[in-house]
Amino acid sequence: MEKPKIVVSSSPHIHEGSRTSSIMWNVSLALTPSALWGVYVFGFRALAILLISIASSLLVEFLLQRISHESTLSDGSAFLTGLLIGMNMPADAAFVVPIIASAFAIFVVKWTFGGLGANWINPALAGRVFVFFSFTGLMNTYRMPRTLAGVDTVGSASILTEIKLAVGSGTVQGLQSTEILEQSSYGHTQFAQSLSNWFTALFNRGPSPYTIDAFFGNVAGCIGEVSAFLLLLGGVYLLIKKIITWHIPVSFIATFSLLAWTFGGFRNGLGLFQGDFVLQIFSGGMILGAVFMATDMVTSPVTKKGMVIFGIGIGFFTFLLRYFGSLPESISLAIILMNIFVPTIDRYITPKRFGEVVKEAQS
Amino acid sequence: MQKIPTFRKGGIHPDDKKVLSNRQAIERLPVPAELIIPLSQHIGAPALPLKQKGDRVEAGEKIGQGASFISADIHSPVNGTVTALNKVTLANSVVSDAFVITPDTENPMGIWEERPYEAFSAAELQKIVKDLGIVGAGGATFPTHIKLTVPRGKTVDALVVNGVECEPYLTADHRLMLEHSEMVVRGVMLVARMTNPKKIIIGVENNKKDAIVALRKVIAEHDFPIVVTPLKVKYPQGDEKQLLKATIKREIPSGKLPLDVGAVVLNVATAFAIYEAVAYNKPLIERIVTVSGEAIATKRNLRVLIGTKVADLLAYAGLAEEAETYIAGGPMMGFAFYDDQTPIIKGTSGILAFTEEAHKQAPVSPCISCGRCIAACPMGLQPTKLYRLIDHRQYSEAMATNLMDCKECGCCAFVCPAHLPLVHAMKLGKRLGRK
Ligand code: SF4
Ligand code: SF4
């Protein structure tokens, strides 16, 4: 007699053990240090925004599940979407903004396209862009981080906005970005100043204190995007866990850097190869975008070669939008622009078939 | 240090689990109470039965006649009596006619005496391989005499002998190379006499260092022109396409055979069987089977008669825990089955019993386009795309996307975080697409 318990399934009978849910939860985990830093520097209100985003994402997902009778709450994707939305908000956003963004992300972008895996743009990204255009003013007012409080500084513009405004005014011709910040007496921490001095003493050259602050996250910005350092740490974790590969972040940042370095000086009267790309990389949503949003599996190409093309495209659009667009922030738009090309990339960039080399050689 | 080669595209590194059984010396399983000998143990047409119910058979006697060009003869493993001619479901779900043979209680085993074989011509050797029912032992069970008959006008650059055994858990070939190195190597030289290759390579994965040493020692003693090439461990290196890429750096084009790139590929266990056939006039009536898996009490490498029921192997090794899955072959490409009365056939390299935990099943979720399947596919296919096409019943589009290149190695499904039944879909798609 056969035992009823025996499972007969198709090969292979073993699996490496990964799951979609473990990927999602690991990405959330990798984002956590940066989110916590945001809470630390921007205070309690940042925490409230994060919690509201996550809760509203989960709630919308839960309600939609009741319609579709699927259980997807535990796959971690709604949590991740909520977390990403919260991290992309300024701490002073009205509480309704993350709710709207989450609802738009989960309902319009994810659910109506057919749920996880079927959306062509990252829900969190779409949610952010949606509220960004609906509440432009609200979305562009940042709180100064706690680490800069007390430092004499001009209001609450982010580094990128500050530079953009100064360049637009035409009064800073011939100045480097860091010099522009200095001239407009933008604040920096004492810590950054000493580190900068230390480098200068040791190597005769050092990064500007503004760059150092941008790297560690002592700048105005969205809750989860300010600390490039902690985001990169999260990226390293994802690389080690083999959840992301280097292809998209590296091609994106390299392309942007190359363009920003080569042509970035033009807009304020500097020559070729004079753009300050280092400050640019660590400012705004660049690292968050490159490591966590552009690498979203669902909305990026499936082949490694495709990923590199995708990254180059984002780098290119980011450069155009950041330097020549009217909006200070451009990463989300650049990624969405390239999302449009993903199906095309995947159609034409296909892996080389085994045996093809020989065929060509023989014919 | 010399670089250890492997194939380049795709592939995976599953936990090889060989330590469970790779120190167990080969043991002979006692003659069971009953044998079930299917007439279809090979690729190609089933053999035609030469005996009837009630007939006496002798060990090594031909009881099934190869039916067409691609087919193979079947022999009785024991002295005994045919008690029935039944239908039996094999582990791979093929239904075949089969002899049920009850071995004699006294002296059931045949006696195989060594004979001089140096004088045999290549054609005579090929005839022996055909007459004694040798088929590929790696699992594909392609009749070996066809492989060894090199068509006029083709020459063999390389004879590549497959000692890779890349499937996790399996250690039968490993033990064979270690314990019977001499016979394996002599078998390889016999194959060389039949195919006349310019060079002879035995590819062995680097997790079997002792086997590499043992083979090299024998080869050096006889001064045979054989090179043993250690290969970096990577699944599916035991596939002939990946093996040729790793050893002689040639890629077999889609739909072609090793001979098209000047190579003959053959398993070490097949070489061993050829040696026994030629030197002892012994047909392929037994083979070495690894019995392993987390649910097995004592993992073993058993030398068993073809036709032995899986239940006899399991009883001998003992079940430690309730098994959730039985597998014939390796865990990557083997077949899950439920009936432990199914027999060991010429291509059965292992019997595995898994507990629920080792089996790692998870619910299926939607494809998240992570591309891992593409990175893992050794054939350069796009499993995610093929899956979508097959799921949408677009079989001809799937065929146009090179579905037939898929060899069901399972790399894609092994890495898929959504646990999609990719290989299952490929099999289905091929079947429906061919129509
Ligand atoms: S089973 Fe087929 S599609 Fe999947 S990895 Fe192997 S060859 Fe590629
Ligand atoms: S590995 Fe699975 S989830 Fe990832 S692309 Fe392939 S089929 Fe989709």
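Computed from heavy atoms alone, side chains included, the values below leave out hydrogens, waters and symmetry copies.
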With a 4.5 angstrom heavy-atom cut-off, which part of B:F7 approaches chain A: side chain, backbone, both or neither?
neither

Is B:E251 salt-bridged to A:K352, going by a charged N under 4.0 Å from an acidic O?
no

Of the non-hydrogen atoms in B:V415 and A:E16, which two are nearest, and what is the gap between them?
O-OE2, 3.2 Å

Name the option with the most non-hydrogen atom pairs under 4.5 Å to chain A; the candidates are B:S369, B:P366, B:G10, B:C370.
B:S369

Any idea which of B:S365, B:P168, B:G334 has the most non-hydrogen atom pairs under 4.5 angstrom with chain A?
B:G334

Sort by residue number and list every member of residues 288-312 of chain A having a non-hydrogen atom under 4.5 Å from chain B.
A:M297, A:V298, A:S300, A:V302, A:T303, A:K304, A:M307

Do B:R372 and A:I23 have side chains that get closer than 4.5 Å, going by heavy atoms?
yes

Minimum heavy-atom separation for A:P12 and B:V423, please, with both atom names.
CD-CG2, 3.8 Å

Can you tell me how far the OG atom of A:S11 sits from the CZ atom of B:F414, to the nearest 0.5 Å?
13.0 Å

Among the options B:P417, B:G371, B:G380, pick out the one with the most heavy-atom pairs lying under 4.5 Å from chain A.
B:P417

Side chain, backbone, both or neither: which part of A:D75 has a heavy atom under 4.5 Å from chain B?
neither

Please classify the contact of B:P14 with chain A as side chain, backbone, both or neither, using a heavy-atom distance under 4.5 Å.
side chain

Atom pair CG (A:D346) and CD1 (B:I374), whose distance is rounded to the nearest 0.5 Å:
7.0 Å

Is chain A contacted by the side chain of B:I368, its backbone, both, or neither, given a heavy-atom distance below 4.5 Å?
both

Residue A:K241 excluded, over 12 heavy atoms near NZ under 6.0 Å
no

Name the region of B:C367, side chain, backbone, both or neither, that has any atom closer than 4.5 Å to a heavy atom of chain A.
backbone

Of the backbone (N, CA, C, O) and the side chain (C-beta and beyond), which part of A:L116 lies under 4.5 Å from a heavy atom of chain B, both, or neither?
both

Indicate yes or no: at least one non-hydrogen side-chain atom of A:R19 is less than 4.5 angstrom from one of B:P363.
yes

Here the gap from B:L352 atom CG to A:I14 atom CD1, rounded to the nearest 0.5 Å, amounts to 9.5 Å

From the list B:Q242, B:H13, B:M379, the residue making the most non-hydrogen contacts under 4.5 Å with chain A is B:M379

Sort B:R8 into side chain, backbone, both or neither according to what part of it lies under 4.5 angstrom from a heavy atom of chain A.
neither

If you round to the nearest 0.5 Å, how far is CZ of A:F354 from CD1 of B:I252?
6.5 Å

Between B:K427 and A:S10 the two heavy atoms that sit nearest each other are NZ-OG, 3.9 Å

Around A:Y237, counting heavy atoms of other residues, nucleotides and ligands shown, do more than 12 lie under 6.0 Å from its OH?
yes

Strictly distance-based, threshold 3.5 Å: is any side-chain N or O of B:H419 a donor or acceptor partner for the main-chain N or O of A:S18?
yes

With chain A, which of B:P421, B:A375, B:C416 has the greatest number of heavy-atom pairs at distances under 4.5 Å?
B:C416

Which atoms of B:M333 approach chain A - backbone, side chain, both or neither, heavy atom under 4.5 Å:
backbone

Can you name the side chain to side chain donor-acceptor pair (under 3.5 Å) partners of B:Q394, sequence neighbours left out?
none

Can you tell me how far apart CG (B:N402) and CZ (A:R353) are? Round to the nearest 0.5 Å.
3.5 Å

Find the one option among B:K256, B:Q341, B:E408, B:Q382 whose heavy-atom pairs under 4.5 Å with chain A are most numerous.
B:Q382

